Novice: 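First, the structure itself, so that you have it in front of you.
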Amino acid sequence: MAVLNEEQTMLRDAAKSWAQEASPVSKLRALRDSGSGAPFDAAAWAEMGQMGWAGVIVPEDFGGSAFGYLSLGLILEETGRTLTASPLLSTALIGASALTLGGSDAQKAQWLPKIAEGAIVTALAVDEAAHHAPERIALKAEKSGDGYALTGKKTFVIDGDAADLLIVAARTSGKPGETAGITLFLVDPAASGVSRKHLALADSRGAAEITFSGAAGEVLGAVDKGWDVLEPVLDRARIGLSAEMLGSALQAFEITLDYLKTRTQFGQVIGTFQSLQHRAAKMFTDLETTRSCIEAALEAIDAGSTDNRAAASIAKCKASELAHLVTNEMVQMHGGIGMTDVHDAGLFLKRARVTEQLFGGAGYHRDRFATVSGF
Amino acid sequence: MAVLNEEQTMLRDAAKSWAQEASPVSKLRALRDSGSGAPFDAAAWAEMGQMGWAGVIVPEDFGGSAFGYLSLGLILEETGRTLTASPLLSTALIGASALTLGGSDAQKAQWLPKIAEGAIVTALAVDEAAHHAPERIALKAEKSGDGYALTGKKTFVIDGDAADLLIVAARTSGKPGETAGITLFLVDPAASGVSRKHLALADSRGAAEITFSGAAGEVLGAVDKGWDVLEPVLDRARIGLSAEMLGSALQAFEITLDYLKTRTQFGQVIGTFQSLQHRAAKMFTDLETTRSCIEAALEAIDAGSTDNRAAASIAKCKASELAHLVTNEMVQMHGGIGMTDVHDAGLFLKRARVTEQLFGGAGYHRDRFATVSGF
Amino acid sequence: MADFGATELETFRIEVRDWLAANYPPSLNAPMDDESESPWGGRRFNPTNKDAKLWLDRMAAKGWTAPMWPTEYGGGGLSREQNKVLESELRRIKARPALMSFGVWMLGPVLLEYATEEQKQKFLPGIVKGETRWCQGYSEPGAGSDLAGLQTRCEDKGDHFLINGQKVWTSYADQADWIFCLVRTDTGKKHEGISFVLFDMASEGVETRPIKLISGSSPFCETFFTDVKVPKDQLVGKLNGGWEIAKRLLQYERQNISAGGFGGGAGIDVVDAAKDHVGVDEKGRIADADLRARISTHKMDSAAFQLTVRRAEAEGKASKGPSAATSIIKYAAAKLNQDRTELTVEALGLQGLGWEGDSFQPAEIGALRSMLRAKANSIEGGTSEINLNVVAKRVLGLLDHQ
Amino acid sequence: MADFGATELETFRIEVRDWLAANYPPSLNAPMDDESESPWGGRRFNPTNKDAKLWLDRMAAKGWTAPMWPTEYGGGGLSREQNKVLESELRRIKARPALMSFGVWMLGPVLLEYATEEQKQKFLPGIVKGETRWCQGYSEPGAGSDLAGLQTRCEDKGDHFLINGQKVWTSYADQADWIFCLVRTDTGKKHEGISFVLFDMASEGVETRPIKLISGSSPFCETFFTDVKVPKDQLVGKLNGGWEIAKRLLQYERQNISAGGFGGGAGIDVVDAAKDHVGVDEKGRIADADLRARISTHKMDSAAFQLTVRRAEAEGKASKGPSAATSIIKYAAAKLNQDRTELTVEALGLQGLGWEGDSFQPAEIGALRSMLRAKANSIEGGTSEINLNVVAKRVLGLLDHQ
């Protein structure tokens with residue numbers, strides 16, 4: 001755990017007790033079993049908003065607390081522990097980042113206060129296929145009157161079905177694969193020309209496929225220069241998601257560790273078996289080194305670092321590998337009970353697999369890290 | 001172990017007792033410490049020749065026994081167990097394969113009987129740089145009178161310093177990277193225009209850098225079509241080397257297993273520690289599955305299979321990974337004593353690292369296997 | 001069994017081929033309508049396509065649902081070589097299996113070895129014909145890998161046994177007609193207090209409750225026995241001698257896994273998934289080099305596994321006693337299937353993480369559920385940890401921790 | 001130690017910079033002529049380039065060879081912040097270390113904590129000045145990880161101790177002036193029968209024999225003690241109280257590893273090796289995609305390790321007690337250095353497997369020998385297995401096997 005100031009410690013403690021008491025894993029299970037298809041519990045999100053969590057990185061001028069990314073990461077870690085479904089990542093981190101980094105004064109004034117109070121949900125619509133590839137954007141935006149009309153399809157848009165505001169990466173020039181020629185747009189999902197379809201993913205959260213047929217978009221940032229905002233926003237998303245994944249992995253590990261300490265086989269507590277001890281110690285090693293990468297990345301953003309590409313790729317790569325390992329070990333070390341739906345292991349495993357892929361998996365980030373490192 | 005016929009069983013048993021009694025690891029150590037730079041013990045090679053091992057794959061018409069590749073693989077495995085330095089691979093397998101697959105009747109009649117009786121050493125000169133890349137041949141062969149003159153450099157030629165006959169892959173047309181335009185040549189290393197330099201590798205065996213300056217070469221096989229012989233010969237080399245590596249890995253494993261059964265720490269035989277037990281069991285798993293691949297590949301050649309590319313890449317990839325793992329574990333499980341030069345662990349580890357690279361490492365063959373499998 | 005030479009085998013091959021041409025229902029060439037057509041047999045077997053039942057009956061009449069069992073119990077009486085011919089001909093026409101059966105795979109072999117003549121006559125023909133669907137009553141709640149710690153009580157009540165207790169992980173107990181069940185007949189001993197009994201799942205006092213898995217399906221049940229009366233002639237082998245039978249049966253179960261590995265080639269191939277969803281470069285290589293290298297490793301491991309199964313079989317057949325390689329097969333098979341299904345999901349990207357709905361192909365949803373299901377491969381029928389212990393101790397000769 | 005504010009620290013930085021400009025011998029900017037210039041100090045220190053000795057003497061005079069030790073024992077008396085400034089200024093001019101010393105890294109800190117005032121006065125200044133080179137007498141033949149099983153006898157002979165026994169893995173014993181040594185003073189107990197003594201390696205009855213390693217070098221010795229007389233005032237701490245001191249010293253040893261990991265950035269960088277020997281594609285990527293992915297993983301692990309060291313330090317400094325992260329550092333450092341050196345050798349191809357001769361660059365031969373040397377990283381100073389046991393038991397609270 002990073003060295004925290006008093007503010008951060010209080011925030012972390014508040015997040016921990018709220019998550020454990022008001023939003024345990026059973027809440028996600030109930031949401032899933034309700035069959036409502038709701039991507040998160042609206043009442044819980046309202047509580048998070050009241051506690052000020054939606055405005056943690058929003059500048060004070062726009063109603064936020066400007067505590068910074070490390071602070072937001074602490075909350076994401078704690079809500080990650082209990083697999084809390086909420087638009088904290090999509091809105092409080094991604095939406096707030098995109099508007100802060102790319103928005104005009106007017107756009108900031110219009111949207112950031114709403115984000116800060118938890119009044120709206122935002123969603124970033126980037127990918128158009130099953131694998132993360134933000135530079136392969138094909139969705140077209142064409143001049144139409146004094147605005148733009150968007151045509152094309154986005155998929156796996158996290159919280160896309162609940163969003164009140166879409167931030168859409170579209171192509172205004174160039175061709176898929178090029179980073180130049182991408183422009184970000186604000187789109188009202190209720191406007192004509194936008195249709196949304198819920199995607200039921202394994203993690204029981206909300207994702208959507210969104211079709212745009214000449215939908216009106218308002219430019220966010222500079223035309224054709226969207227990459228200059230999109231890439232830093234994606235890096236923040238990767239780092240924030242990694243913090244959430246760290247929390248989930250830590251919780252999965254601790255549940256497993258408890259099981260190792262209580263379950264007996266052949267007259268022995270299974271945690272006394274050395275092969276399991278060493279596997280647990282290696283997981284702990286990965287947890288600690290991954291934490292260091294994530295916290296350092298969050299701190300770097302707060303310190304004003306402008307190029308967080310390498311830090312984000314390290315964080316997301318290691319978080320993905322960690323999530324994969326720990327959830328597999330969680331099931332294996334629990335044995336049969338871990339295979340049953342009544343146990344939480346499956347929920348941790350399914351959420352892990354989805355988060356591993358979101359914003360690029362371990363392989364994607366190994367490649368990206370090498371590229372940004374010049375090899 | 002494959003199901004053997006009587007002939008093969010006798011051959012295997014003979015190889016085992018000869019290697020254990022006449023050629024233990026201490027022989028390699030003595031060869032190394034002699035400082036002579038000799039790549040192998042000439043007297044031992046003479047004994048191998050007398051036992052008929054040099055002619056195991058040579059057709060009967062040319063003085064061999066034509067027992068086949070599985071039989072030769074059994075001998076290589078047994079000599080691999082004791083790290084026996086000999087030209088068995090370079091001559092009895094590679095030289096005999098190249099002449100059998102590519103030679104004219106006259107060339108076969110001239111060389112195969114000599115190979116079969118162990119009277120000569122042959123060496124295949126392929127690579128020109130530190131990484132195996134047989135299609136990147138640049139060494140030039142140009143028409144000169146009624147023959148060819150070779151100009152260029154080969155390196156890491158196994159047994160190249162002791163060879164009486166060189167089989168040289170040269171370029172007669174096309175450019176490095178193309179498989180067409182390669183031609184194989186027989187070259188007398190004592191002829192003018194050939195100079196050799198010994199390369200002292202970590203495994204204390206013989207390898208040479210060979211410079212050709214207009215050296216005379218006799219075409220083996222068809223001009224520009226050398227790849228059609230070279231690739232199958234290399235695949236046989238890879239499979240044969242894998243058999244040797246399997247033997248070395250098996251011996252390293254068994255020495256380590258013995259140590260686990262006798263060494264005590266904290267009042268316990270260390271082989272009772274479950275984490276070491278599981279690591280040993282995983283090594284055993286890799287040994288068994290690797291053995292299956294190698295034996296199947298040897299049997300496939302004997303059965304007349306013409307395309308052994310995938311089989312060779314599987315065998316060499318898995319043998320390389322196995323050698324790497326087992327020798328690392330050998331040192332680690334032995335602790336400090338395994339780090340000392342008086343223990344054999346270092347000899348197994350150094351030989352492993354060289355053989356891992358020869359004819360392509362694990363990464364090379366992962367790539368090649370995928371390519372030949374169509375992905 | 002006759003020892004056929006090559007010519008006789010070819011004659012047999014032609015007979016099989018002709019018979020299949022005449023008897024394999026053409027309607028079965030289509031994909032299954034639904035799960036009901038999975039030919040598990042038994043009282044409840046009622047496939048949508050009735051030809052699935054016809055095919056079972058025709059094969060059973062030849063004894064080819066248990067091809068190598070003796071003809072006196074309804075089996076096919078084929079030699080090993082003939083059976084290979086039969087299997088290859090069935091593969092050639094891509095025939096659906098006529099019968100899937102724990103009776104054939106697990107129970108039958110131990111009955112042939114341990115049962116009385118009366119028991120063989122009573123139970124084996126029903127297995128061959130697919131009339132009786134069997135389930136396995138081994139695991140108990142909380143016992144996990146320590147199978148011999150089982151607690152289900154079986155008391156001798158003079159003219160019958162009385163069984164009380166609870167089993168778990170009973171495959172398809174809610175679908176089965178009969179159960180082969182390990183029970184405790186002596187509470188004073190551990191391994192020597194276990195017996196092997198058979199009884200009807202329709203007996204009074206038997207209750208089953210399906211267990212929902214993380215994959216969403218419920219192939220297993222919790223099974224409860226309350227004062228279940230069992231005739232004494234349904235004890236197999238000696239009283240308190242069930243542990244030997246239990247272990248032998250587990251060997252058959254593992255051999256069954258050896259034959260095909262877990263999961264086999266079912267579902268989307270990982271290479272196809274990668275080519276479709278990741279794309280290929282100008283040389284036809286999977287565009288993601290990192291993923292390609294890992295798929296290559298997996299495909300090699302898969303080949304190595306198949307070659308090891310084949311080698312172990314050949315070595316076993318060469319009568320050198322069971323090959324040491326067999327000891328690693330269950331462990332390797334589990335890891336292989338887990339790698340395969342994980343790689344497939346990864347290659348599909350988020351499209352491989354759909355739970356339900358028409359945005360996902362059934363094969364894509366199947367890939368996810370197979371990956372989740374495969375997590376049990378290293379737990380069921382002996383955990384990988386137990387398998388590694390066994391290799392370390394029995395094969396490598398390492399000692400128990402003191 | 002003074003608590004400097006930012007301005008004071010900047011003043012200090014300027015002082016250091018000026019002093020270095022005046023005192024760092026320019027000839028040391030060249031690469032070392034030979035191994036003799038490695039500044040281990042001691043009686044035998046006789047570098048080819050005499051400026052190496054001059055640099056040691058100048059730094060020692062400031063106490064900056066042990067910057068944070070108290071000035072009364074010759075140390076620099078610097079605060080943690082000042083020390084960081086000093087280190088950063090030394091890095092800035094790429095200064096060679098003035099002194100490499102087990103005395104500074106390991107012995108000194110425990111003397112400061114456990115020694116008598118007389119002992120501190122006697123031994124610490126010699127360490128700071130690099131006059132006395134120390135070696136560590138811990139491991140014994142056959143003991144391996146079970147350090148406390150040591151057998152070297154130390155008998156109380158009234159006016160002196162008499163030491164008989166054998167040590168092994170004594171780093172540079174053949175070069176050292178004095179030894180800090182664990183000895184058995186009570187044979188009836190294990191941990192409570194160990195004492196910590198210091199003595200001169202020139203004492204009668206001390207013999208050293210270098211051990212040749214698989215890497216070809218001999219940094220360690222076997223060390224034999226036959227009736228070695230040791231004055232009783234050279235016992236540190238209490239009689240039979242040496243185990244506590246031994247453990248504390250190991251902590252300093254591990255912290256020392258924490259600071260830099262094994263091997264550090266020495267030698268050929270793996271990326272450079274790969275670019276030179278494997279080549280790059282049209283986008284500047286290492287042409288072997290498989291190797292590139294593994295190098296990428298390693299470089300990320302390396303970054304993660306450095307960040308973890310930094311975090312553990314920050315957490316420790318924030319006085320929350322030692323960070324749990326410190327427990328994994330030795331294990332992670334060993335693995336990292338082994339990965340780094342193996343990847344470098346692999347990237348060099350067969351050029352990285354040259355043992356000697358002018359066909360190979362010294363750096364290439366060095367890469368091979370570093371790889372071989374690195375195998376010991378997971379053995380020396382506590383094996384990785386022991387480290388994992390410690391994490392499992394002390395940090396994770398798992399119990400010993402019964």
Side-chain angles (χ1 to χ4, degrees), chain A residues 32 37 127 129-133 155-156 197-204 207-209 263-268 270 272-276 279 324 327-328 330-343 345-350 353-354 356-358 361-367 370, chain C residues 139 141-146 148-149 168-169 211-218 220 276-279 287-294 338 342 345-360 364-365 368-369 371-373 375-376 378-380 383-386 388-389 392 401:
Chain A
R32 177 193 76 168
D127 286 317
H131 287 274
H132 182 58
T155 191
F156 301 111
K197 183 176 180 188
H198 178 70
L199 298 176
L201 293 182
D203 65 348
S204 311
E209 182 180 284
R263 168 76 169 164
T264 59
Q265 287 270 275
F266 305 105
Q268 287 277 347
I270 62 173
T272 65
F273 289 110
Q274 197 195 34
S275 70
L276 299 184
R279 280 155 58 183
H324 198 86
T327 53
N328 274 345
M330 184 183 203
V331 172
Q332 181 65 23
M333 290 184 177
H334 277 83
I337 189 73
M339 283 298 298
T340 63
D341 188 67
V342 296
H343 193 274
L347 297 176
F348 279 93
L349 187 130
K350 291 171 197 171
R353 291 302 174 277
V354 173
E356 285 170 45
Q357 293 280 337
L358 283 180
Y364 177 92
H365 287 290
R366 270 193 291 275
D367 176 61
Chain C
S139 295
S145 295
D146 190 8
V168 74
W169 304 118
I211 301 167
K212 189 174 168 196
L213 295 188
I214 60 175
S215 59
S217 65
S218 300
F220 302 106
D276 288 353
H277 285 271
V278 178
D288 179 340
D290 188 291
L291 178 63
R292 175 174 178 262
R294 288 180 289 124
Q338 290 170 345
E342 284 278 13
V345 167
E346 183 182 344
L348 292 169
L350 286 167
Q351 201 63 32
L353 289 162
W355 187 252
E356 59 194 12
D358 62 6
S359 298
F360 305 98
E364 291 167 346
I365 293 174
L368 170 64
R369 294 180 181 232
M371 180 273 278
L372 294 166
R373 171 64 184 82
K375 297 301 169 204
S378 48
I379 299 168
E380 60 200 325
T383 65
S384 288
E385 287 80 7
I386 296 283
L388 293 173
N389 285 346
H401 202 274

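Predicted model only: the values in this text are computed from it and were never measured. In what follows, every chain begins at residue 1, and chains take the letters A, B, ... in the order their sequences are listed.
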Novice: Heavy atoms only: give me the nearest Ala130(A)-Leu348(C) pair and the separation to one decimal.
Specialist: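 Nearest heavy atoms, Ala130(A) then Leu348(C): CB-O, 3.3 Å.
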Novice: CG/Asp288(C) to CZ/Arg366(A) distance, rounded to the nearest 0.5 angstrom?
Specialist: 8.5 Å
Novice: How far does OH of Tyr364(A) sit from CG of Asp290(C), to the nearest 0.5 angstrom?
Specialist: 13.0 Å
Novice: Checking Arg263(A) side chain against Gly142(C) main chain: does a donor-acceptor pair fall under 3.5 Å?
Specialist: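 Checking the backbone N and O of Gly142(C) against the side chain of Arg263(A), a donor-acceptor pair under 3.5 Å is found.
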Novice: Provide the closest heavy-atom pair for Met339(A) versus Leu372(C) in the form atom of the first, atom of the second, distance.
Specialist: CE-O, 3.5 Å
Novice: Side chain, backbone, both or neither: which part of Ile211(C) has a non-hydrogen atom closer than 4.5 Å to chain A?
Specialist: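 The side chain, not the backbone.
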Novice: Between atom OG1 of Thr340(A) and atom CD1 of Ile214(C), what is the distance when rounded to the nearest 0.5 Å?
Specialist: 8.5 Å
Novice: So which residue, Glu209(A), His324(A), His343(A), ends up with the most heavy-atom pairs under 4.5 Å with chain C?
Specialist: His324(A)
Novice: What pairs of donor and acceptor atoms, side-chain ones from residues 350-360 of chain C against any protein atom, are under 3.5 angstrom apart with sequence neighbours left out?
Specialist:
{"unit_1": "Gln351(C)", "atom_1": "NE2", "unit_2": "Ser359(C)", "atom_2": "O", "d": "2.8"}
{"unit_1": "Gln351(C)", "atom_1": "NE2", "unit_2": "Glu364(C)", "atom_2": "OE1", "d": "3.1"}
{"unit_1": "Asp358(C)", "atom_1": "OD1", "unit_2": "Lys197(A)", "atom_2": "NZ", "d": "2.7"}
{"unit_1": "Ser359(C)", "atom_1": "OG", "unit_2": "Lys197(A)", "atom_2": "NZ", "d": "3.2"}

Novice: Less than 4.5 Å apart, side chain to side chain, heavy atoms only: is that true for Ile379(C) and Val331(A)?
Specialist: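 Of all side-chain heavy-atom pairs linking Val331(A) with Ile379(C), at least one is under 4.5 Å.
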Novice: Sort out for me which of Ser204(A), Ala207(A), Ala345(A), Ala200(A) touches chain C most, counting heavy-atom pairs under 4.5 Å.
Specialist: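 Among the listed options, the one with the most contacts to chain C is Ala200(A).
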Novice: Working to the nearest 0.5 Å, report the span between CD of Gln332(A) and CD of Glu385(C).
Specialist: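 The distance works out to 4.5 Å.
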Novice: Between Arg353(A) and chain C, which part of the residue has a heavy atom less than 4.5 Å away: side chain, backbone, both or neither?
Specialist: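 Backbone plus side chain of Arg353(A), per the 4.5 Å heavy-atom cut-off to chain C.
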Novice: So which part of Glu346(C) gets closer than 4.5 Å to some heavy atom of chain A, the side chain, the backbone, both or neither?
Specialist: both
Novice: Do you know which of Pro141(C), Ala347(C), Ser215(C), Gly149(C) has the most heavy-atom pairs under 4.5 Å to chain A?
Specialist: Ala347(C)
Novice: Measure Arg373(C) against the heavy atoms of chain A and call it side chain, backbone, both or neither at under 4.5 Å.
Specialist: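 For Arg373(C), the backbone is the part near chain A, not the side chain.
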Novice: Under 4.5 Å heavy-atom distance to chain A, tell me which part of Ala289(C) shows up: side chain, backbone, both or neither.
Specialist: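 Neither part; nothing is under 4.5 Å.
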Novice: Which heavy-atom pair separates Asn328(A) from Lys375(C) by the least distance, and what is that distance?
Specialist: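 Minimum heavy-atom contact is OD1-NZ, 2.9 Å.
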Novice: Pick one of side chain, backbone, both or neither for His132(A), based on which atoms fall under 4.5 Å of a heavy atom in chain C.
Specialist: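 Neither the backbone nor the side chain of His132(A) comes within 4.5 Å of chain C.
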Novice: For Ile337(A), is it the side chain, the backbone, both or neither that has a heavy atom under 4.5 Å from a heavy atom of chain C?
Specialist: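 Backbone only.
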